[in-house]
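What follows is a single structure, written as structure tokens, with notes after it.
Labels below follow one simple rule: chain letters A, B, ... track the order of the sequence lines, proteins then strands, and each chain is numbered from 1.
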Amino acid sequence: MAKIIMKGNEAVAKAAIIAGCRYFFGYPITPQNEVPEYLSRELFAAGGTFVQAESEVAAINMVYGAGSAGARVMTSSSSPGIALKQEGIGYCVAGEVPCVIVSMMRGGPGLGTIQPSQGDYNQATRGGANGDYHIPVLAPGSVQEAVDDVKEAFEIADCYRTPVIVVADGLIGQMMEPVELEKPVKTRNTAPKSTWAIGYGTREKPNTIENLVIDAPACEQKNIRFFKEKYAVIEQNEVKYEEYMMDDSEYAFVAYGTTSRIVRNAVNELREKGYKIGLIKPRTLWPFPQVPFQNKKIKKFLVAEMSMGQMVYDVQLAVGDKEKVTFYGRCGGIIPTPEECAEYAEKVMGGGQ
Amino acid sequence: MAKIIMKGNEAVAKAAIIAGCRYFFGYPITPQNEVPEYLSRELFAAGGTFVQAESEVAAINMVYGAGSAGARVMTSSSSPGIALKQEGIGYCVAGEVPCVIVSMMRGGPGLGTIQPSQGDYNQATRGGANGDYHIPVLAPGSVQEAVDDVKEAFEIADCYRTPVIVVADGLIGQMMEPVELEKPVKTRNTAPKSTWAIGYGTREKPNTIENLVIDAPACEQKNIRFFKEKYAVIEQNEVKYEEYMMDDSEYAFVAYGTTSRIVRNAVNELREKGYKIGLIKPRTLWPFPQVPFQNKKIKKFLVAEMSMGQMVYDVQLAVGDKEKVTFYGRCGGIIPTPEECAEYAEKVMGGGQ
Amino acid sequence: MPTTVFKKPNGLTDKRMHYCPGCGHGIIHRLIAECIEEINEIDNTIICAPVGCAVFIPNYFTYDSIQCAHGRAPATATGIKRVHSNKIVITYQGDGDLASIGMAEIIHAAARGEKITTVFINNGIYGMTGGQMAPTTLPGMKATTAQTGRDLERNGNPIRVCELLSTLDGPAYIERVAVDTPAHIIKAKKAIKKALQYQKAGKGFTMVEVLSSCPTNWGLSAAKAMEFVGEKMIPYYPLGIFKDVEEVE
Amino acid sequence: MPTTVFKKPNGLTDKRMHYCPGCGHGIIHRLIAECIEEINEIDNTIICAPVGCAVFIPNYFTYDSIQCAHGRAPATATGIKRVHSNKIVITYQGDGDLASIGMAEIIHAAARGEKITTVFINNGIYGMTGGQMAPTTLPGMKATTAQTGRDLERNGNPIRVCELLSTLDGPAYIERVAVDTPAHIIKAKKAIKKALQYQKAGKGFTMVEVLSSCPTNWGLSAAKAMEFVGEKMIPYYPLGIFKDVEEVE
Amino acid sequence: MGKTHKISCAGFGGQGVMSMGQLLTYAGMIDGKEVSWVPAYGPEMRGGTANCSVIVSDDPIGSPIFDKGITTSVVMNLPSFRKFVPKVASGGSIFVNSSIVSEKVDRDDVNVYYIPVNDLAKELGNGKLINIIMLGAVIEIDKIVESESVIKAFLKVFGDDKAKFIPINREALSKGAEVAKTLKK
Amino acid sequence: MGKTHKISCAGFGGQGVMSMGQLLTYAGMIDGKEVSWVPAYGPEMRGGTANCSVIVSDDPIGSPIFDKGITTSVVMNLPSFRKFVPKVASGGSIFVNSSIVSEKVDRDDVNVYYIPVNDLAKELGNGKLINIIMLGAVIEIDKIVESESVIKAFLKVFGDDKAKFIPINREALSKGAEVAKTLKK
Amino acid sequence: MTKFTVTFDENECKGCELCAVACPKKLIALNLEITNDAGYNPAGIGKMEECIGCQSCARMCPDCVITIVKND
Amino acid sequence: MTKFTVTFDENECKGCELCAVACPKKLIALNLEITNDAGYNPAGIGKMEECIGCQSCARMCPDCVITIVKND
Ligand SMILES: Cc1ncc(C[n+]2csc(CCOP(=O)(O)OP(=O)(O)O)c2C)c(N)n1
Ligand SMILES: Cc1ncc(C[n+]2csc(CCOP(=O)(O)OP(=O)(O)O)c2C)c(N)n1
Ligand code: SF4
Ligand code: SF4
Ligand code: SF4
Ligand code: SF4
Ligand code: SF4
Ligand code: SF4
Ligand SMILES: [Mg+2]
Ligand SMILES: [Mg+2]
């Protein structure tokens, strides 16, 4: 298939349609507006429905309904809008409702700025809804990866009956890049709708999407089931990361999303200067990759984020030795340059050339 | 002062009044209903105001207003209700609005159960609103500690101009215990209202509570200021924990809140059997205590939580060696017994007697 | 030949309802089941439970069902109906659920003309959580968060939901009924049936507000509670049709 | 002796407003400042900014101010007014802010009779975010999320906020005005002043809906946009007083 | 370690089981014991049953709740009887309101006391006193707190304006104690 | 490493600076280059100014944005002139719409081309073509992409139904190129 | 045979007495002799022969306890 | 001296022409000769002597550009 050039947000929207998503419920917020705008135009033509919800709260609860009804459904938003969705996301988790949530991060906290950021790593990976749960979080670093991840997200959502978050930043949403839309993704097993989705039950065996588990022992059992049968399996099967120039590296940048492409340039720059440095790029933030951090040759892991440092804790946990982990970040909508990242790395490596 | 016996929720409410809180905005949810119920009765008499907000979203935004106006103000809720407050909490953070948020955790995820839980550790300590921020989180383990913490929370909130979360579980909210209400707490410096609170500005120098920081560089600077001038100082000054029987211990339970009192009994039981085991009880969850985990004599840290394991990551980070950290948890509204905790510890300690 | 003239309708399960003795929820459940049976949609109905005493609805109906987040049933029903446009979709909501936390969702579902039917149980109190004030608690009526009785200055004014929603263009049918007497129950059933028939015909959003009782939190016997509905609630919340697209006035 | 008969009122700062050329927000800002000056409350007023184009309000008024979360200004103003009961508290909200995400908050502030004044800018569009459909976008009117024009079946019905809120008991004064012509602007100012005076007198919740323009997102020149207000918006959103507790009819 | 009483009081809503537990708790504190009181809460109360768990102990209280291992169980109605009798520790006591519960405890490792509190209350001319009479019996048998401490606790739990009811409550306590004495094993 | 063009196009809303950037991006891809396009977005656009950042590079693109270090700057109005001229890298090119910007660049480390595109467009009889004329000049001077690739890109950016406008756009491109030739240093 | 047979599912009755109040003939009362599993005294009908089959009792019953049969 | 003096803060004007449309005497037009800092052609008044002091222009101006003085 030929590549075309598309804006990240529109590519995300188009990818959803290609993945069979026919329902979108969302509320405007910069920098993701082109997702609802595109879908408001294209979904009806595709035989689906677009509803501009009255709020992010309503949007996620519409998603909860459509997902419960067995449809592929998506919502998207940005930082404060995602915060508003937290309760509803919790309901999707507890009701085991497959759905995809796109989070185009901007600078925070609060209303903050609309410029790109990675300050919502915790928001995506640690939740903010109540209770014990995890949500698969995919982190694309380019328009192409955003397209691939959205398509994959629907597969994961359906397979494990869970919400899936695709977390990018405003830059990826706003920029245009060449992209191939039709790249196939791995399909996964899914339970037939008749076994769970509403609208597919029978009088004898109605399907119900439940959220209340009033008896504590039953509630505990549900939690244990989620961790054993869902999260453990996802950790086993769905973890994704990339390595760049890591074969002989003694130092490793760790970065995801937009930061990873910037750092990649920094790696090139440093390699030219003779530094043995590479890049570990988590493509899933939960489950967080563990294997690349077991690399004993690495003297320091240099975490770079567009935040004050949030992924750094996951890296510390994965490495198991805090001393080996350093951090460089810009935040509040500032995008670091390859040059400043390289400069930082040189400082960390000292004479490590 | 004589002790009286009070229900946790009512004691929390009364403590707020003693601390000078005259404004409460909340929405009913089990198991914290006695907080608003008590205050709906008592606040008017104390010259203040109680508003039953139309929702948790409205409640936290009323808090944002009253706190911005320089008043001591509180809200309380439980798990899904706290999830709904996330955006508003982020606005309080970004606007630097002092306020106290009481979170009486119940079993999750989603609607879950109304029985007690500690499944909202991440929700409280990692946020769920957007952007880079921290919120001081106090974790009482008895009605007395709940009273003390609420009073202290107002001091911390005013001193650092930040929301403060007091996180307890439904059991502490519902139980009655002897409590001394008038125990004084440490007072702290606060900026005069004329310098920041709305209603106290002048035409020449109006006070504004801002949330938008549209320029990325300014937004970054704000983030850096928060981390340097607020969070670093709080980490320095406000961390709190207790140790029990730790002097000669080779093993340490780590538990907070209700679980800590249960584990305390388990420690007693195990000590009688000759085990050298003690208890580290974090009283602040952020900032998370680091010092007690530097104790090199400890062979294993046994984290016990009423959750699938959330604090365990903070303990791993503090200890710096995952191998030394083990976890035992009950969840979904189940409260572990001292016996089962002791049994678990014996297994971990093996012949460690 | 003996004929059964009244029995439990199909569409209700055999489970014992957890509602307190004499609580109106049970009556209204039965009415819904009767209407759905009569319009022949038992196997084609989805019911959205609220957070409130009726959260256990999935236990009591044989329809597919979902437990919605507090106040958000109209949004969730929207999601469902957009997928299953040929099914009957009902939201069942209490006054805390619909008129307090869920106010934006019900107004917007109504304004969109979402083709769902909302059965709105106005019992003037938060039943599930133990008797806190609802947006519909009457002036002077006691609640655990208005212990000396609702005071309009302190606690604000009650909201009349039918009156509010009928200013919108989206609704096709809005009526307020009560279940305090057998006669009113007959009318209530007619209203619910009409609303469901309108939904089936795709006419738009429909809502029936049902004045009901909460003996437990009102501190009254079941019978006295029904008297209270008749004597206090109906005068404040007048019964009748507030909107009917078929009725050209 | 020359007398200045018209100048920038006190209460506005010297900062250049970021609004697009010909945007109604600027006119309405000035009206508020004029009224506050005339009722002598320049040093006793707090203004609550929305999320929307008017989020920069703190830059433009000399009053104490706060940037509220999207739609929640009525709740935040409630918190403020309860603390500062003797101050004038204003919320300034767009149609996305007030009528979409903030619907529950405005209705409940109104029902509580919260003693605040809401200035509601109805420009039929989401200005700040680039022209998405608002709850008040007219049928047939284009928006980036209704690109072929608002279709009632697809996009639901517009909401008339004054009509909706005037069914409640809490409001003391509700009027709809416009700023498309000098004559309408004079009326708009009167309405805002009356609302503020009612607030000062503690009469209850007051709201003035102002039909305004968004030339940028309507894709019209400033002048054509004002024509659109007069020719399309006013017929759909009739001007007038919808509630006035002083007017015994 | 000292003695720890794990007391469960259960019955219908109006029977005063919650305040019975609170009186025990307060009296325990007055006696210098460690105490805690935990209600069952939430929808399980719907249908009108109520119960609370009280601990009165010489040692600091860890978990204030206990599912099994009850040392003193008060059951004021049939549903409570069925729910709690199996949860009493071997050697524990069960106090049954025999006025309305006609079933008998089918265990021989516990001490059971059948007290017809409704009838006794009628004798005292005040049907509301059933919980106080039962409390009298409980403390007579299980010696959890001093009877005088219960009297002192009374004003704390019910408020100072209820002082005039102290004599009748004292009488009710004694009545319960008397009946219990006749049943003592 | 190969050559990397960092292009900034800025002007008023209606001047077509965004699509100018998109044409460059598409043409770059057609030429087999790595490309990216990033708009400035948000309220900074209020007041009617617009700008975008384009990279056309031989190497994979890391950061698609650049604050300073512009190699090709197109400024179509005065506010853009003031904002972007200082951000151009030493040795870079600045293309000024001299029809409406009368100020001159006060730097001697850059190459400046004053193109009166509004006037040139009038000559072509279509005021809308100013961006295409400017683009013609830009690619003539800076050789970022092939002019034929811009023509191919045209249908991608504006849609197939705009095919009939290709000849006039081709003409506009040439016009820009011609004028640029006369200015070439 | 009576004109109508009104039967009560005694195990499901919660003794709320709404049926009793609703009966225009005042035929229904709680049976204080019986306590069902849930602990309630169930309702029952006294003089079946006086029943006019108006269904008021059944309509009021929140727990679908009452079945009415018409005997022709 | 004219009856009214209508002045425009040319630096603040955004050239929206609302004042021009509003003027009943059609006295106001943009001055295409000047481009202010923000890049706009500011409005100005032509025949000041014809101004009737109706303030329509000033009331319409969203940017408080216009000051009107009455000269008695
Ligand atoms: C977000 C959230 N807030 C609050 C609650 C607690 N809650 C459960 S039910 C309820 C109110 C129920 O009242 P109503 O809707 O009137 O229903 P009823 O029980 O009276 O039938 C509340 C506030 C919740 N579960 N979730
Ligand atoms: C929670 C949240 N959702 C969405 C947004 C994005 N947002 C900013 S302004 C706005 C709408 C503005 O429209 P309106 O209220 O009509 O004001 P206008 O700009 O038209 O004056 C939206 C949706 C946000 N900042 N926060
Ligand atoms: S609490 Fe009230 S509404 Fe809920 S079941 Fe009981 S009587 Fe019915
Ligand atoms: S976008 Fe619209 S509402 Fe916003 S400033 Fe511009 S014209 Fe005004
Ligand atoms: S059917 Fe009518 S008359 Fe017969 S028992 Fe029922 S209410 Fe009474
Ligand atoms: S109405 Fe039903 S539940 Fe109530 S007493 Fe009569 S039969 Fe029993
Ligand atoms: S005051 Fe009236 S007449 Fe004079 S310039 Fe302004 S609008 Fe025209
Ligand atoms: S209305 Fe004001 S801003 Fe617009 S052109 Fe006239 S003076 Fe300038
Ligand atoms: Mg209710
Ligand atoms: Mg608007």
Side-chain angles (χ1 to χ4, degrees), chain B residues 22-25 27 43-44 48-75 85-92 94-97 99 129 193-194 196-214, chain D residues 10-13 18 36-37 42-52 54-89 91 101-112 114 116 128:
Chain B
R22 290 294 173 274
Y23 301 90
F24 180 91
F25 305 93
Y27 188 77
L43 261 183
F44 290 100
T49 294
F50 163 89
V51 177
Q52 182 175 316
E54 57 270 30
S55 69
E56 291 85 353
V57 171
I60 188 69
N61 282 287
M62 290 174 185
V63 165
Y64 177 56
S68 294
R72 285 200 161 175
V73 56
M74 185 168 90
T75 187
K85 290 184 198 283
Q86 296 284 15
E87 188 209 20
I89 292 174
Y91 270 69
C92 292
E96 304 190 66
V97 174
C99 58
K193 290 181 191 177
S194 61
W196 67 275
I198 57 176
Y200 297 92
T202 62
R203 199 189 300 198
E204 293 69 37
K205 223 200 99 328
N207 286 338
T208 291
I209 299 294
E210 275 176 332
N211 238 287
L212 187 76
V213 195
I214 195 71
Chain D
N10 292 317
L12 290 182
T13 67
H18 71 292
I36 289 291
E37 189 172 14
I42 292 196
D43 296 311
N44 198 40
T45 294
I46 295 170
I47 185 160
C48 302
V51 176
V55 66
F56 291 103
I57 270 185
N59 292 340
Y60 307 137
F61 289 91
T62 66
Y63 322 139
D64 282 4
S65 61
I66 180 168
Q67 289 172 324
C68 302
H70 193 32
R72 318 306 176 188
T76 299
T78 296
I80 294 167
K81 184 76 184 196
R82 297 294 174 128
V83 176
H84 292 311
S85 54
N86 291 321
K87 294 198 179 284
I88 300 293
V89 177
T91 77
I101 191 170
M103 183 55 94
E105 285 73 18
I106 194 68
I107 288 196
H108 282 274
R112 279 195 305 271
E114 212 59 62
I116 60 172
M128 176 78 151

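- Val51(B) touches chain D through its side chain: at least one heavy atom from C-beta onward sits under 4.5 Å away, while N, CA, C and O do not.
- Not a single donor-acceptor pair under 3.5 Å links the side chain of Asp43(D) to the backbone N or O of Thr202(B).
- With a threshold of 4.5 angstrom between heavy atoms, Tyr23(B) approaches chain D through side-chain atoms but not through N, CA, C or O.
- Between chain B and the options Ala69(D), Cys68(D), Pro74(D), heavy-atom pairs under 4.5 Å are most frequent for Ala69(D).
- Heavy atoms closer than 4.5 Å to chain D are found nowhere in Ala94(B), neither backbone nor side chain.
- Ring centroid separation for the pair His84(D) and Tyr200(B) comes in under the 6.0 Å cut-off.
- Taking each heavy atom of Ile198(B) and Ser65(D) in turn, the nearest pair found is CG2-O, 3.3 Å.
- Checked by atom type, the side-chain pair Asn207(B)/Tyr63(D) shows no donor-acceptor distance below 3.5 Å.
- Side chain to side chain, His18(D) and Tyr60(D) meet the donor-acceptor criterion of an N or O pair below 3.5 Å.
- Proximity to chain D is limited to the side chain of Thr49(B), based on heavy atoms less than 4.5 angstrom apart.
- Counting heavy-atom pairs closer than 4.5 Å to chain B, the top-ranked of the candidates Ala111(D), Ala77(D), Ala75(D) is Ala75(D).
- Between chain B and the residues Val55(D), Asn10(D), Ile42(D), the most heavy-atom pairs under 4.5 angstrom are made by Ile42(D).
- With a threshold of 4.5 angstrom between heavy atoms, Ser55(B) approaches chain D through side-chain atoms but not through N, CA, C or O.
- At a cut-off of 3.5 Å, with distance as the only test, no side-chain donor of Thr62(D) or Thr13(D) sits close to an acceptor on the other residue.
- Considering Ile57(D), Ile36(D), Thr91(D) in turn, Ile57(D) is the only one that fulfils the side-chain contact (heavy atoms from CB on, under 4.5 Å) rule with Ile47(D).
- For chain D, the nearby part of Glu87(B) is the side chain; its heavy atoms alone come within less than 4.5 Å.
- Proximity to chain B is absent for every atom of Val89(D), based on heavy atoms less than 4.5 angstrom apart.
- With chain B as partner, the option from Lys87(D), Glu105(D), Gln67(D) having the largest number of non-hydrogen pairs under 4.5 angstrom is Gln67(D).
- Side-chain N or O atoms of Lys193(B) include one that pairs as donor or acceptor with a backbone N or O of Gly70(B) at under 3.5 Å.
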